[in-house]
Each structure stands twice: as C-alpha cells, then as structure tokens.
Amino acid sequence: MGSVGAKEIPQLITPDGRRIDGRLPDELRQLRIVAGPLHRADGSAYVEWGLNKVMAAVYGPREVHPRHLQQNNKAIVQCKYNMAAFSVDERKRPGLDRRSQEISKVIAEAFESVIFVEEFPRTSIDVYIEVLQANAGTRCAGVVAASVALADAGIPMVDLLPSVAVGKVGGKICLDLKKEEDNFGEADLPMALVPQSGRLVLLQMEGHMTRDELSQSLDLGVKGCRSIYEVMRAALREKYSVEPSAATPAAAGVGQ
Ligand code: CDP
C-alpha cells in the first residue's frame with residue numbers, strides 16, 4: 001500500500017505482473033449479455049460485466065419529443081444514461097448531473113454515426129441506459145447493452161458497437177479497468193469501435209499518457225473490442241437463431 005495524503009492507494013500491479021483481481025493486463029472481466037429481456041421496449045439488452053450490471057431499452061423510430069428537435073432529413077438519436085442511486089458505494093443523488101449528461105451525449109453521437117438515420121426522417125430513436133450496479137466502465141457497458149438493444153429493435157446500423165476502457169495502471173497499459181484501477185490509475189481511455197472499418201466513434205481520455213502509451217492503448221482497446229463483439233453477436237444469435245445455440249460465451253479475454 002502506498003499513500004497520498006490521507007488516501008491509501010492499493011498496490012495495483014503485483015510483482016508478477018497481475019492486477020488486483022488477478023487478471024493479466026490484456027484480460028477482460030467476465031462479460032455476459034442477454035438480448036431482449038424487456039417485453040415492453042422495442043429492443044433491450046442486459047449486460048453483466050465484472051461487477052457492472054446495466055440494462056438498456058430502445059424505442060423507435062417514433063415521433064420526436066420535444067417536437068422542435070425533429071429533423072426533416074433524418075432520425076435523431078436521443079440517449080439517457082442514468083446511474084441508479086443504489087448503484088454505487090456512496091448513494092448517488094438521483095437525477096441528471098453533468099456526468100450523466102456528458103455520457104448521454106457522447107453515446108448518442110456514437111450511435112448517430114452508425115445508425116442509418118437518413119432512412120427515418122422526422123423520427124426519434126430513443127436509447128435508455130440504466131446502470132443498476134457500477135464498477136467502472138459503465139459508459140462502455142452502456143454502449144454494449146444499447147448496441148445489442150438497437151439490434152434487437154431491428155434498427156438498421158452499419159455494425160454493432162463494442163466498447164471498452166483501456167488505461168494506465170501502476171505504469172502498465174491495462175484492458176477493461178475495474179473501479180480501483182479507474183480511481184487510482186494514471187489514465188482511463190474509454191472507446192467504441194466499428195469492427196468492420198476499424199473506425200472509433202467514441203474516444204475520451206482522463207489522465208495522462210505518452211504518445212507511445214496512447215498508441216499501445218488503442219491497439220489493446222481495438223483487440224478488446226473485437227472479443228466483446230463476439231460476445232454481442234453470440235447474445236443475438238442466442239435469441240434469434242431457430243436452433244438454440246450453445247450458451248453465450250461468458251469470458252472474452254483477448255489473450256484467450
Ligand atoms: O463508469 P465509467 O468508467 O464510464 O465513468 P467514470 O466517471 O470514470 O466512473 C468510474 C466509476 O466510478 C463508475 O463506474 C462508478 O463505479 C464510480 N462512480 C461512483 O462511485 N459515483 C459516481 N457518482 C460516479 C462514478
């Protein structure tokens with residue numbers, strides 16, 4: 001344990017190169033996705049990713065509310081990311097805060113760039129993301145859940161959008177940070193990838209990295225996204241294939 005002021009900092013990387021939960025730097029947390037658990041929504045998905053639990057519901061294309069946001073040449077994508085008051089250690093004040101507004105905005109923009117919005121003028125595609133339990137990477141879990149929910153709703157898209165955060169932890173570039181790594185690590189870099197083209201449609205960064213570390217992080221994140229993509233596809237196959245397929249893969253380590 002090290003300490004800064006009154007804060008105790010856990011040892012984030014052990015001498016044998018493992019992380020606090022025993023993972024190697026390029027390993028993802030356990031990921032499980034269920035497509036279509038909500039019957040009242042047009043599309044839905046539930047994601048358990050490490051200790052994160054996230055539900056997404058999609059409605060639309062439907063009438064635009066508020067009306068003045070309507071666009072004559074395309075659908076608009078509206079996203080509401082919300083963290084439940086009971087989702088974090090210290091009760092979060094319910095309702096919209098700046099963080100939720102920022103996350104909702106970047107997620108809506110990411111989806112607007114992959115949905116064929118021109119096909120649905122004067123409509124809205126509404127994405128709701130509810131974080132029931134949080135342990136870092138919730139915006140990425142939200143993108144993954146929303147993406148499967150959009151596919152479940154039959155909304156035409158270029159591709160599914162796998163998403164993951166990479167970061168710098170104890171000097172090492174690590175995939176899929178958990179809460180202690182996010183809180184005490186040096187940098188956090190959430191991203192979302194269009195797998196077919198390799199285009200990143202969400203990229204944020206908190207903290208500091210060198211140019212080389214950034215490039216290493218992007219490579220690791222892209223590999224992580226490709227593994228997550230397979231779990232997303234398997235969840236949709238599980239719901240839509242006529243023959244019930246084998247159980248959805250639960251783990252998706254890049255190195256595996
Ligand atoms: O969740 P994500 O990593 O996308 O966003 P963040 O703002 O980097 O938050 C990291 C983590 O801090 C969250 O996943 C929660 O576990 C935690 N957090 C919290 O405990 N209370 C808040 N009001 C916000 C975040």
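All residue numbers in this chain count up from 1 along the given sequence. Order of listing sets the numbers, starting from 1, for every ligand and every atom in it.
The nearest pair of heavy atoms linking Glu186 to Gly170 is OE1-N, 2.9 Å. When all heavy atoms are compared, the tightest approach of Ala165 to Asp188 is CB-OD1, 3.6 Å.
If you look at ligand 1, the protein residues with a non-hydrogen atom under 4.0 Å away are Met83, Val88, Arg99, Ala134, Asn135, Ala136, Gly137, Thr138, Arg139, Lys179, Asp182, Asp188.
In terms of the salt bridge (charged side-chain N to carboxylate O under 4.0 Å, His left out) criterion, residue partners of Asp21 (sequence neighbours excluded) are, by chain and number, Arg23.
Between Glu102 and Arg99 no salt bridge is recorded (no basic side-chain N to carboxylate O distance below 4.0 Å).
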Quick one: side chains of residues 106-117, donor-acceptor pairs under 3.5 Å with protein atoms, not counting sequence neighbours, listed by atom name and distance.
| unit_1 | atom_1 | unit_2 | atom_2 | d |
| --- | --- | --- | --- | --- |
| Glu109 | OE2 | Lys105 | NZ | 2.8 |
| Glu112 | OE2 | Lys74 | NZ | 2.9 |
| Ser113 | OG | Ala110 | O | 2.8 |

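Side-chain heavy-atom separations under 4.5 angstrom define the hydrophobic clusters, and the remaining members of the one that includes Tyr59 are Tyr128.
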